[in-house]
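Contents: one structure, followed by commentary.
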2 protein chains.
Amino acid sequence: MSQQRHGSTPGHVRGDDAVQAFPDLPEATIARLPEYLRALHNLGEAGADTVSSEGLAAAAGVNSAKLRKDLSHLGSYGTRGVGYDVTLLIEQIEYVLGLDQRRAVCLVGLGNLGHALAGYDGFASRGFKIVALFDADESKVGEHIHGLAVRHIADLGRVAVEEKIAIGVIATPPGAAQAVADVLVDAGVTSILNFAPCVLSVPSNVDVRKVDLAIELQILSFHEHRKASLTALPGGRSAATAGNQEAVGS
Amino acid sequence: MSQQRHGSTPGHVRGDDAVQAFPDLPEATIARLPEYLRALHNLGEAGADTVSSEGLAAAAGVNSAKLRKDLSHLGSYGTRGVGYDVTLLIEQIEYVLGLDQRRAVCLVGLGNLGHALAGYDGFASRGFKIVALFDADESKVGEHIHGLAVRHIADLGRVAVEEKIAIGVIATPPGAAQAVADVLVDAGVTSILNFAPCVLSVPSNVDVRKVDLAIELQILSFHEHRKASLTALPGGRSAATAGNQEAVGS
DNA sequence: CGCGATTTGTGCACGCCTTCACAAGCGCCT
DNA sequence: AGGCGCTTGTGAAGGCGTGCACAAATCGCG
């Protein structure tokens, strides 16, 4: 695990040396890198040349020590007494995340959510390009959504191979998700973003990330529940404003 | 709603009073409870009366020991030698998550994503009801989306109070998100689900959860990048590949 | 009625992540 | 040139979460 890009000039470490195993980046760190990246872009547009770990941490909403450790993991160079060079750090993080190469994405399932995802600006603006849309509903096939024609899901396998699609987004109903995932995997897709509320079973070399909007709300609901029961505490059980809604078993 | 929580769970459960939070419930556990709940609903519809930790764990995609520990945290009762009663466990988890009371949700920002969220089935079917839509764009105000009229954001504060909205969903562009959050907080909203790619600053009593679709893709991109660098590049000067792809074994 | 099969609940150890605190390094000012 | 203040990078400690392995508990059956 020799840290290759260590030691040479800080300016251009980006070679064609894509054949480089990454140091074992902690998963938690990886999950934060995109956030740092976004904050850095904002800072850059605001005209900042350099930024301190304190400043960047604030912009990203994390602890500054954590941020420094994260950046140190990827061998990034800051300058003591000064901070991090914004442009350089952006390049570094984009390189690590593999964003220097635009990745082809396909989207399966064009219900409400899929429709929105097809038009979501945040994808294109951050290095991803949706190159194909699929749905099982014949009546949707052929329809153009945000400049892209919807194809029938039967073509998914073929097109995924042709277009060298690396990432598949599943926005189908849960019942169809596993079958779609199977087709994607067969077509060589090795990363899946799953919006369907179900567990996908895939080979171990395929990465799946799941986003479940209702789960997020349920987690918030728990905290609401907790807070509601706490507000009754201070100063005794005074009249909690809406406390009686509490449908608590006797 | 017959919410029969077990009366005398071990330890700290202080009666059946509403004033019972679960302050010591690990955050990681909370995040998994909705997943268990979904799996349980599926099992229940499939006709299962009881389920073992092994079976439920498989359906939820987690380790069975973890599942047992999670459930034990909330004082839930399974039956040794048998498993968990599906119906009872559903009630327990729904109670803990506060889902026995339908929570009013408002949605701010009706671009592509907001539009989809407004029509997302998963909300209503899992205890949440969107009661109001807001947007800053005058041309959208008055429009009906999935049976609900869009109101102007200037009414947000008043309506949020009137409708006792507890959870706000922000689907605006990032530039507007903080202002919306401020209004929500002023109106007494204590939980926010933020889809805007930016950090929100709120009082400590307000919970914010963030969902950033692009970040998920970027995380997947990293893994793609990593996987690509592990496979020997056919045409490249891959002299050192033997050592590099050894990253797995180390 | 007791025994074995089964499954829960949990003590324990391990590893990951976070946070603190500080030495090392860098630039600026005098 | 030298000292001073600022910031990074990191060692160490503590906390949290995970997974194993097993005792305790329950049911079914002979």
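Proteins get letters first, then strands, A, B, ... in listed order; numbering begins at 1 in each. Side chains are part of it too, since the values below use all heavy atoms of this structure and drop only hydrogens, waters and symmetry mates.
Under 4.0 Å is where a charged nitrogen must lie from a carboxylate oxygen, and between B/Asp212 and A/Arg126 at least one such pair does. Between A/Glu35 and B/Lys210, at least one side-chain N (NZ, or NE/NH1/NH2) sits under 4.0 Å from a carboxylate O, which counts as a salt bridge.
Residue B/Arg68 places none of its side-chain N or O atoms closer than 4.0 Å to OP1 or OP2 of D/dC22. Taking only side-chain nitrogens and oxygens, B/Asn63 never comes nearer than 4.0 Å to OP1 or OP2 of D/dG17. Distances shown here put every side-chain N or O of B/Tyr77 at or beyond 4.0 Å from the OP1 or OP2 atom of D/dA25. At the phosphate of D/dT8, OP1 or OP2 sits under 4.0 Å from a side-chain N or O atom of A/Ser53.
Between B/Leu67 atom CG and D/dT18 atom C1' there is a gap of 13 Å when expressed in whole angstrom units. Taking atom CG of residue A/Asp70 and atom C1' of nucleotide C/dT18, one finds them 10 Å apart after rounding to whole Å. A straight line from CD of A/Glu54 to P of D/dC6 spans 13 Å, rounded to a whole angstrom. Atom CD in A/Gln92 sits roughly 15 Å away from atom P in D/dT8 (whole-Å rounding). One can place CG of B/Asp85 at 13 Å from P of C/dT8, the figure rounded to the nearest angstrom. Distance A/Lys66 NZ to D/dG9 C1': 17 Å, rounded to the nearest Å. Rounded to whole angstrom, the span from the CD1 atom of B/Ile30 across to the P atom of D/dC16 amounts to 13 Å. Rounded to an integer number of Å, the gap from NE2 of A/His73 to C1' of D/dT8 is 15 Å.
Comparing A/Pro26 and A/Ala65 against DNA chain C, the residue whose closest nucleotide sits nearer the 5' end is A/Pro26. Comparing B/Thr79 and A/Arg32, the nucleotide of DNA chain C nearest to each residue sits closer to the 5' end for B/Thr79. Both A/Arg80 and A/Lys69 lie near DNA chain D, and the one whose nearest nucleotide falls closer to the 5' end is A/Arg80.
There is no side-chain donor-acceptor pair under 3.5 Å between B/Gln178 and B/Ser201. Residues A/Arg226 and A/His223 have side chains that bring a donor and an acceptor to within less than 3.5 angstrom of each other.
Taking 4.5 Å as the limit, every side-chain heavy atom of B/Leu193 sits out of range of all side-chain heavy atoms of B/Ile170.
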